Number of protein chains: 2
Amino acid sequence: MSSVREIAQQAGVSITTVSRVLNNHPRVSAKAREKVLSAANRARYQPTVGRKSTVNIALLYTGALAVGSAFDAALMEGMTTGMEEFGYDLVVLDGTRARQPDETFSQMFMRKGIRGVILRSSATARGPAQEVADEGFPAVVLGDRFDHPSMTFVGSDSRAASREAVQHLIDLGHKHIGVVTNVEDDCDHIDRIHGYHDAMEAAGLSHASSLVFRTPAHRVGGEAFMNRFASMPNRPTALYFVDPIPGFAAINQAQTLGIRVPEDLSIVGFDDHEWRFMSRPAMTAVCQDAIALGRSAFQALNQLIERPGQTPRVEAKPAWLEVHASTGPLAHVHG
Amino acid sequence: MSSVREIAQQAGVSITTVSRVLNNHPRVSAKAREKVLSAANRARYQPTVGRKSTVNIALLYTGALAVGSAFDAALMEGMTTGMEEFGYDLVVLDGTRARQPDETFSQMFMRKGIRGVILRSSATARGPAQEVADEGFPAVVLGDRFDHPSMTFVGSDSRAASREAVQHLIDLGHKHIGVVTNVEDDCDHIDRIHGYHDAMEAAGLSHASSLVFRTPAHRVGGEAFMNRFASMPNRPTALYFVDPIPGFAAINQAQTLGIRVPEDLSIVGFDDHEWRFMSRPAMTAVCQDAIALGRSAFQALNQLIERPGQTPRVEAKPAWLEVHASTGPLAHVHG
DNA sequence: AACACACGTGAAACAGTTTCATCATACTCG
DNA sequence: CGAGTATGATGAAACTGTTTCACGTGTGTT
């Protein structure tokens, strides 16, 4: 439909200049760049090579997140299952590095032949996601959520399951229950804490901020927290770990420190794989299906690509509670 | 250097036909396809779009393997660290699906603008890797190894570390030692079993094939093996699990069945993350650094791309033994 | 005032892809 | 058996996007 030649005419410049702007060459005046970009946006320009459209989907990491966790691997597996059918390939990008200076995200995506983006963002590093949203490029945010009129979000609804999890602890007789979360928030994490609040409030129990603990979401973080926990006076009898790894690390470290699980301390964790069966005792956990999450993200994105101008939406995949052996009845009264 | 026009002249056809062959259009005769492909190979044809070369690196999965494991995520993280610097992006491909009918791998790679490939193959699904190797496309095989004059391989040298691991068991007084491996072999697995053989043989102990057990490399496989193991007469006093997940599952299941670890059974596992610290007892394991492995694979591939015609090589990253709490001295004499 | 130089720009050349017309061959139906 | 029709292979030309090269133009320097 729209070509560099057409954009050039619209903007009153040569096709050379258009190409330069789109490829972020340095030798182009701010005025020309401005004219070209506005014309390109108005025309909903999408580059084709020869006549063939490029067909890639990007998985864009922003900020502290990086490919490398088992969760991300599962997400990718889910995404790719649907993609082949539509002839897309998955390109993995680092939002902090792949962009050239002064380049907008849309420019970068066009340059790389990318048709749609799945964004992995967190609350502390939302800049890029916000930018992509503002530029109107087809995109889906995965695992985070923020206020934006035209963005589609896919995540898991862990609030309800988190509430159930804490209710399970309450049903076992626990009254003094803490929650352990990452030092960095994203909406999924905040949801889980809300779920904790919901259950505690409904039961008339205290959920003071002193019961919300923070530790980095890795093994050492989980162990360090447990060491700190062991020396706390009047410590909770049950904990809900909102991140997978620290939960597992804590189950171990607790026992190493002589705190029996679940006799002395009940632990509910979070799991997006099968690791809950691997701890000893097996971990009672709020579970989500990472593969399904990835699949949904692609499907939502694909709809956005096929029918642009669609109403954005928020999709919440279910999460669920599985009771295993790391939680048990309150054995003896503290104090 | 070489363009479709040049290839067309060489092959005595039009540029249209060349483009069609390279894009695997159906309407082209076998004879014309043959002529064009041979001319393209002779000229070391590499497509450019406009004038700009495309710059992608593919991670190609073949056969049963799929993106989705934590190991693969770590490999990817390693690969991508080096790639940005050279302006490459990572594209994830499924070798069984991304290819169009009758298309060679080289054709597919050229079509997708891919400059080099990292191959994840296993012994049972080597077809694609072999094919890529035969076509002479820049490629590195990761985690597998086979006989090919022009292929570069990157893997971890787990034979020596495996030998050490079994020697560690022998030093603890164990004489009746088994090894548990996947139902599917790749060279890394075979190496580990060789390491087991090495140690057993050096110590004059039996390593009969009845001591090599096979179970699928997932949790249920590990648990099922342990159930089987529990009912074995005259069972080994120590086991070396050559895959990570079954090892962890076995540590748990053993204890669930009343087999104490390490008092009744010593277990050495395999780990490419930090999970060895997460089991209870913490797992004595042969460890490899998946991120470093991924990084090395890209570096080797990059050299191949920058200086074609280089001598292929076999690169073995170190693996090492870490002794933790799942192994212990032989407590009481069996039999 | 004359010169050098960087910068912005576009014409033209180039790389690849697709459309459309052409020709040959095979197949169908009277 | 022969005329008409479908099908398959092919190339010229049109089209998309990128890069080279040459050309002003303004700015600073001596």
Side-chain angles (χ1 to χ4, degrees), chain A residues 1-41 43-56 87 100-103 106-115, chain B residues 1-41 43-56 87 100-103 106-115:
Chain A
M1 212 55 38
S2 61
S3 68
V4 272
R5 267 122 186 133
E6 209 170 303
I7 305 280
Q9 201 170 20
Q10 284 280 325
V13 296
S14 72
I15 55 167
T16 312
T17 303
V18 174
S19 179
R20 276 202 262 259
V21 170
L22 262 26
N23 288 285
N24 212 41
H25 270 255
R27 294 283 181 79
V28 54
S29 66
K31 201 161 64 183
R33 161 169 285 130
E34 172 59 34
K35 279 192 295 186
V36 169
L37 279 180
S38 113
N41 279 338
R44 294 235 173 285
Y45 173 74
Q46 208 150 43
T48 54
V49 175
R51 267 291 165 67
K52 170 194 265 185
S53 313
T54 47
V55 280
N56 287 320
Q100 289 175 5
D102 283 336
E103 199 179 22
S106 297
Q107 268 178 281
M108 179 187 77
F109 295 142
M110 290 193 298
R111 180 163 58 81
K112 291 181 185 291
I114 286 161
R115 284 282 272 279
Chain B
M1 210 56 36
S2 60
S3 67
V4 271
R5 265 114 186 142
E6 209 171 303
I7 305 278
Q9 202 171 18
Q10 283 280 325
V13 297
S14 72
I15 56 166
T16 312
T17 304
V18 174
S19 178
R20 275 201 263 259
V21 170
L22 263 25
N23 289 287
N24 211 41
H25 270 255
R27 292 286 180 78
V28 55
S29 66
K31 203 161 63 181
R33 162 169 283 131
E34 171 60 34
K35 278 192 295 185
V36 169
L37 280 179
S38 111
N41 279 337
R44 294 240 171 281
Y45 173 74
Q46 208 148 41
T48 54
V49 174
R51 265 295 163 67
K52 172 193 268 186
S53 311
T54 49
V55 281
N56 288 320
Q100 290 176 5
D102 282 335
E103 199 177 21
S106 296
Q107 266 177 281
M108 179 187 77
F109 295 141
M110 291 192 297
R111 179 163 60 82
K112 291 182 187 287
I114 286 160
R115 283 280 272 280

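Just so we're on the same page: letters track the sequence lines, and every chain starts at 1. Keep in mind that what you see is a predicted model, and the values were worked out from it rather than measured.
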Exercise. What residues form a side chain to side chain contact (heavy atoms under 4.5 Å, CB included) with A:Ala8, not counting sequence neighbours?
Worked result: A:Ile15, A:Val18

Problem set entry | Gap separating the NZ atom of B:Lys35 from the OG atom of B:Ser29, nearest 0.5 angstrom | 7.0 Å

For this session: Rounded to the nearest angstrom, tell me the gap between atom CD1 in B:Ile7 and atom P in D:dG11.
Result: 15 Å

Problem set entry | Nucleotide D:dC15, atom P - distance to CZ of A:Arg5 in whole Å | 10 Å

For nucleotides 7-9 of chain D, give me every protein contact, N/O to N/O, under 3.5 Å, one pair per line with atom names.
{"from": "D:dG8", "atom 1": "OP2", "to": "B:Arg27", "atom 2": "NH2", "distance (Å)": "3.3"}

Problem set entry | Helix axis bend for the helix from C:dA1-D:dT30 to C:dG30-D:dC1 - C1'-based end axes, five pairs, 10° rounding | 10°

Exercise. Side chain of B:Arg20, base of D:dG11: donor and acceptor closer than 3.5 Å?
Worked result: yes

Exercise. For B:Ser14, which residues count as a side chain to side chain donor-acceptor pair (under 3.5 Å) partner, sequence neighbours excluded?
Worked result: B:Thr17

For this session: May I ask you to list the residues of residues 8-19 of chain A, by number, that have any heavy atom positioned under 4.0 Å from an atom of DNA chain D?
Result: A:Ile15, A:Thr16, A:Ser19

Exercise. What are the two closest non-hydrogen atoms of B:Val21 and B:Arg33, and how far apart are they?
Worked result: CG2-CA, 3.8 Å

